[in-house]
Amino acid sequence: MDRWRTIIEPFRIHSVEPVRMTTVDERETALRAAGWNLFNLHADDVLVDLLTDSGTGAMSRDQWAAVQHGDESYAGSPSWFAFLESVQVLFPYRHVIPTHQGRAAEKILFSVIGGPGRTIPNNTHFDTTRANVEFTGAEAVDLVIAEGRDPAALHPFKGNMDIEALDRLLAERAGSVPVVFVTITNNSGGGQPVSLENLRAVRAVCDRHGVPLFLDACRFAENAWFIKTREPGQADRSVPDIVREIASLADGMTMSAKKDGLANIGGWLALNDDDLARRCRDLLILTEGFPTYGGLAGRDLEAIAQGLREVVEDDYLRYRIRSTAYLGEALDAAGVPVVKPFGGHAIYLDARALLSHIRPLEYPGQALAVALYREGGIRGCEIGTVMFGRHPDGSEAPAAMDLVRLAIPRRTYTQSHVDYVIEVVRWVAERAASLRGFRIVDQPPALRHFTARFEPLG
Ligand code: F0G
């Protein structure tokens with residue numbers, strides 16, 4: 001297995017999508033029209049799209065075949081039962097509530113259990129999770145271990161929860177914490193995994209304080225692979241077995257099937273508590289749909305049911321984690337500053353370190369992301385001061401880090417696409433001193449990274 005170094009994608013290509021080649025001049029024009037915001041680009045002006053790994057993956061032959069089996073009955077569709085079975089094989093919770101994507105599950109759950117005076121701890125809340133918690137008036141608290149906040153710290157499970165901090169919080173705010181969340185893998189912390197040992201310790205603390213534990217399980221299969229390959233004593237277990245143990249340590253979950261569901265849309269909320277499930281279902285009917293389809297078509301339910309069988313296969317996960325690391329290792333070897341260890345779904349470039357001549361309030365992450373697009377047509381995502389630097393009172397301060405995330409869509413790009421990305425990033429990094437910062441010329445009051453318009457400085 002480890003004899004050869006070349007990554008073999010464990011699939012052959014069966015249907016192709018053209019990638020439109022563009023020139024630097026064309027991309028410069030597209031950037032001007034987009035106000036230098038990569039979210040404003042037309043996607044067919046992008047050569048390699050690493051904006052997100054969410055809903056952008058390739059479905060398999062068997063998923064497309066499953067789509068044809070989609071049964072669009074309003075209630076009790078066979079596609080619903082196929083979905084339910086696939087979910088419960090891995091996550092045997094009593095209630096499964098299908099939603100159109102992850103944030104819909106979050107919205108429903110926090111509408112019921114959130115509210116002013118409540119606190120929701122997590123290792124690190126993803127943006128939509130935080131926003132849905134805060135929208136109810138509750139407070140979202142991040143309690144990842146110290147290593148998880150340091151881009152250069154090496155730790156095999158950098159997504160772990162700080163157990164002592166959690167214990168303290170639950171003691172101090174007794175009665176006002178309706179649930180503890182753990183995000184696997186920890187996306188906002190760099191796609192870093194959480195160990196079984198840490199999950200068991202979180203469970204024990206939750207039990208001591210009588211608080212339920214939920215998983216934000218978007219990248220559960222990648223997390224399970226890290227457990228299998230990094231955690232002592234786990235190497236011989238099957239991935240589904242590890243996933244079931246993870247599930248057994250929690251009382252419920254929210255899920256975006258756009259990640260480890262290997263689907264283009266979908267999600268769910270699953271839980272054991274009958275009363276809570278009833279209240280969530282009532283809200284589901286109000287905004288998503290009847291409980292046997294939620295926000296999804298029967299064909300989507302079928303695609304997810306099949307995707308869940310494929311995502312836990314060793315060949316797939318070995319390729320997935322190995323190919324992400326391949327990008328990270330090549331950039332690291334070339335001296336490009338990257339967050340380490342490498343996450344499961346993305347490589348994060350440390351733009352603040354690379355562009356130390358650009359002050360954080362002149363957006364080094366934006367400068368790097370724009371340069372990668374301009375030079376090579378690669379679209380990454382600034383995760384830094386553009387995204388987090390503006391506060392509700394309108395003031396601005398540097399974010400903790402200025403990163404550019406290169407997220408890898410599942411089964412979509414080949415090793416030669418990745419080699420091209422490596423070549424472009426190296427080229428840009430070698431000329432980093434010539435890059436200039438940006439200023440924002442137009443921005444909305446919140447979530448400005450999606451729609452702000454920029455102008456290059458100097
Ligand atoms: N939780 C985590 C950890 C996520 O990464 C995401 C989405 C969600 C919840 C929300 O799921 O998009 O289906 O509503 N992350 C995407 C990303 C958007 O690019 O990282 P959703």
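Numbers here are sequence positions counted from 1. In listed order, ligands and their atoms are each counted from 1. For the numbers below, each heavy atom of this structure counts, side chains included, while hydrogens, waters and symmetry mates do not.
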Note: ligand 1 atoms sitting under 4.0 Å from heavy atoms of Thr128 are 8 (C), 9 (C), 10 (C)
Near Thr183 (heavy-atom distance under 4.0 Å), the atoms of ligand 1 are 3 (C)
Applying side chain to side chain contact (heavy atoms under 4.5 Å, CB included) between Glu288 and each of Leu296, Ile97, Ile108, report the one that passes.
Ile108
Quick check: does [X] get an N/O under 3.5 Å from an N/O on ligand 1?
X: Lys258; result: no
X: Gly102; result: yes
X: Asp53; result: no

Of the listed options Gln101, Glu106, His345, Lys259, closest to atom 11 (O) of ligand 1 (non-hydrogen atoms):
Lys259
Any idea how Tyr93 and Phe91 line up, ring-wise: parallel (<30°), tilted (30 to 60°), or perpendicular (>60°)?
parallel
Counting only N and O atoms by type, is there a donor-acceptor contact under 3.5 Å from the side chain of [X] to the main-chain atoms of [Y]?
X: Asp49; Y: Ala43; answer: no
X: Asn186; Y: Lys158; answer: no
X: Glu231; Y: Glu197; answer: yes
X: Asp315; Y: Pro10; answer: no

Applying side chain to side chain contact (heavy atoms under 4.5 Å, CB included), run through Thr324 and His345 and close with a yes or a no.
CA-CA 7 Å; Thr324 302; His345 70 296; 6.0 Å; no
Residue pair Arg118 / Ser176, side-chain donor-acceptor N/O under 3.5 Å
no
Starting from [atom], which protein heavy atom do you reach first, and at what distance in Å?
atom: atom 8 (C) of ligand 1; value: Phe126 CD2, 3.4 Å
atom: atom 1 (N) of ligand 1; value: Asp216 OD2, 2.8 Å
atom: atom 13 (O) of ligand 1; value: Ser256 OG, 2.7 Å

Check contact between Arg405 and ligand 1, using heavy atoms of the residue and a distance below 4.0 angstrom.
yes
Looking at ligand 1, would Cys218 count as a contact under a 4.0 Å heavy-atom criterion?
yes
Does ligand 1 have a heavy atom under 4.0 Å from the side chain of Arg103, from its backbone, from both, or from neither?
both
